[in-house]
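The structure appears right after this line, and notes come after that.
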Amino acid sequence: MTSSFNVQSAAGYEQLMGRWSRRLAPSFIDFAGVADGERVLDVGCGTGSLTFALPRAADVSEIVAIDFSPVFVEATIRASSDPRIKVQQADACALPFADASFDRAMALLVLHFVPESGKAVAEMRRVTRPGGVVSAVVWDHYGGMPGMRMVLDVAAMLDEKADQVRSRYCFQPMMRPGEMIQNFAAHGLERVEQTSLMIRMDYQSFEDFWQPIAAGEGPLGKYIGALDSGQRAKIDAAVRAAYQAGQPDGPRSFAAVAWACRGIVPGA
C-alpha cells in the first residue's frame, strides 16, 4: 500500500481538503522555490492544488503530476487545460522516470499518507538533477490542526477505539518535530531547511465543516463511517457542540499549521 489516504470522490476531497490545499500551495511554492524554464514533478497531485499553482508562480517548461489514486488522476486531467501539464497514475515509492530527469520534485500534503515515506523521498531525490530541489510539506496533525483534533478529542471521550485512531492520526509519517529534516538529510540531500507554514480554514457552518467527514472522506471520515448508528449519533452531536462552543451555528475559523522541508540534490 503506497497511500493510506481514504478517498471517496474528488468533490468530497475538495470540500474536505482541496480548498485548503489550494490556499497552502502558494506559501509552499514561495518556500520551496520554482523558476522559469524548469521541469517540475508534482508527487501526489490530488485534485491539482499545486499542479495548477505552479504555472502562476513561474513560466515552467513542464509539470508532470502523478498520484496513486485514479480518482485524483481523472479529476486533475479533467480540470487541466495547460498543455505543459502531464498527469498520470504512479507510485511515489517507485517513480516511473529516469534519474535526474526533473529540475525540481515537490510533494504537497502527501508524504504523511505514504507508509514508506522514506522511499518516496529517495525516489524524489533520484529523479531530480544534481543541484535541483526536493521539497515537501505535511500537516502538523498533533499540534497544528485544531479543527481535526477537536473531532478526535471529542470522539476519544465517547469511544475507546478513537484513542488509537487519534494516535495514528497525530503521528503519521514525517509529522514529529524534526522528522522530515532528518529524513531528507539521511537520503543525501544537502542544505536541508525546515519551516512552518500556516493558513486558516474558514467554515461557513457546522455542516460545511462536518459534511465531508460524515460522508467518509479522509482518515477521520473512515473512522466515522465505521461507527454503528448509536455511537455515530453521539459523536455527531458532541462534535457539533464543540464546533458551536455555546454559540449559534455559523462561521468558524481554525488555524492550520504545516511542516515544510526542502533540500538540494548534491553533485552540481
Side-chain angles (χ1 to χ4, degrees), residues 4-9 11-25 27-28 46-47 49 108-113 137-177 179-180 196-260:
S4 63
F5 189 80
N6 181 60
V7 57
Q8 302 295 318
S9 71
Y13 172 80
E14 277 293 302
Q15 189 176 358
L16 176 72
M17 191 53 63
R19 49 182 166 168
W20 315 128
S21 299
R22 285 194 299 277
R23 189 171 288 186
L24 183 65
S27 296
F28 176 46
T47 50
S49 297
L108 174 74
L109 304 178
V110 173
L111 292 186
H112 49 315
F113 292 113
V137 61
V138 302
W139 290 125
D140 176 6
H141 280 179
Y142 179 83
M145 292 286 277
M148 301 301 110
R149 278 296 304 268
M150 178 182 73
V151 174
L152 286 167
D153 290 343
V154 165
M157 298 296 293
L158 299 171
D159 175 19
E160 61 182 19
K161 294 178 184 176
D163 194 48
Q164 295 179 355
V165 176
R166 179 172 58 182
S167 181
R168 287 196 301 271
Y169 179 82
C170 288
F171 296 107
Q172 287 175 248
M174 301 292 184
M175 286 188 173
R176 296 176 189 271
E179 182 179 0
M180 192 155 45
S196 293
L197 305 176
M198 192 196 84
I199 63 166
R200 296 201 71 91
M201 296 180 171
D202 300 312
Y203 298 96
Q204 296 305 305
S205 64
F206 177 70
E207 178 67 14
D208 186 30
F209 171 80
W210 188 238
Q211 194 279 327
I213 298 172
E217 293 292 345
L220 273 64
K222 183 177 181 180
Y223 160 71
I224 293 294
L227 295 170
D228 64 49
S229 58
Q231 192 74 290
R232 168 78 177 263
K234 288 180 184 177
I235 290 175
D236 283 2
V239 174
R240 178 186 289 273
Y243 175 92
Q244 294 176 350
Q247 298 294 312
D249 192 14
R252 302 290 190 271
S253 183
F254 297 93
V257 181
W259 300 109

[X] versus [Y], closest heavy-atom pair with distance:
X: Asp249; Y: Arg240; result: OD2-NH1, 4.2 Å
X: Val154; Y: Ala242; result: CG2-CB, 3.9 Å
X: Arg200; Y: Ala255; result: NH2-N, 3.7 Å
X: Ala256; Y: Met201; result: CB-CE, 3.8 Å

Using modelled atom types and a 3.5 Å cut-off, is there a donor and acceptor pairing between side-chain atoms of [X] and backbone atoms of [Y]?
X: Tyr169; Y: Gln164; answer: no
X: Asp140; Y: Ala258; answer: no
X: Arg149; Y: Tyr142; answer: yes
X: Asp159; Y: Ala155; answer: no
X: Glu217; Y: Pro212; answer: no
X: Glu179; Y: Met175; answer: yes

To the nearest 0.5 Å, how far apart are [atom1] in [X] and [atom2] in [Y]?
X: Gln204; Y: Ser253; atom1: CD; atom2: OG; value: 10.0 Å
X: Met17; Y: Arg19; atom1: CE; atom2: CZ; value: 9.5 Å
X: Leu152; Y: His141; atom1: CG; atom2: NE2; value: 9.5 Å
X: Met150; Y: Leu220; atom1: CE; atom2: CG; value: 10.0 Å

Salt-bridge test for Asp236 and Arg232: reply yes if a basic N is under 4.0 Å from a carboxylate O, no otherwise. yes
Basic-acidic side-chain contact under 4.0 Å: Arg23, Asp202: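 Between Asp202 and Arg23 there is a salt bridge, with a charged N closer than 4.0 Å to a carboxylate O.
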Apply side-chain contact (heavy atoms from CB on, under 4.5 Å) to the pair Val239 and Phe206, showing each step before the final yes or no. CA-CA 9 Å; Val239 174; Phe206 177 70; 3.8 Å; yes
I want to check something: taking the side chain as every heavy atom from C-beta on, are [X] and [Y] in contact at a cut-off of under 4.5 Å?
X: Met174; Y: Phe113; value: no
X: Trp259; Y: Trp139; value: no
X: Phe254; Y: Tyr243; value: yes
X: Phe209; Y: Arg252; value: no
X: Val257; Y: Leu197; value: no

Check each of Leu109, Ile199, Leu16 against Ser21 using the side chain to side chain contact (heavy atoms under 4.5 Å, CB included) test, and report the only one that passes. Leu109
Heavy atoms from other residues, nucleotides or ligands near CE of Met198 exceed 12 (cutoff 6.0 Å): yes
Examine the side chains of Ser49 and Arg22 and answer whether a donor and an acceptor come within less than 3.5 Å of each other.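 Short answer, no.
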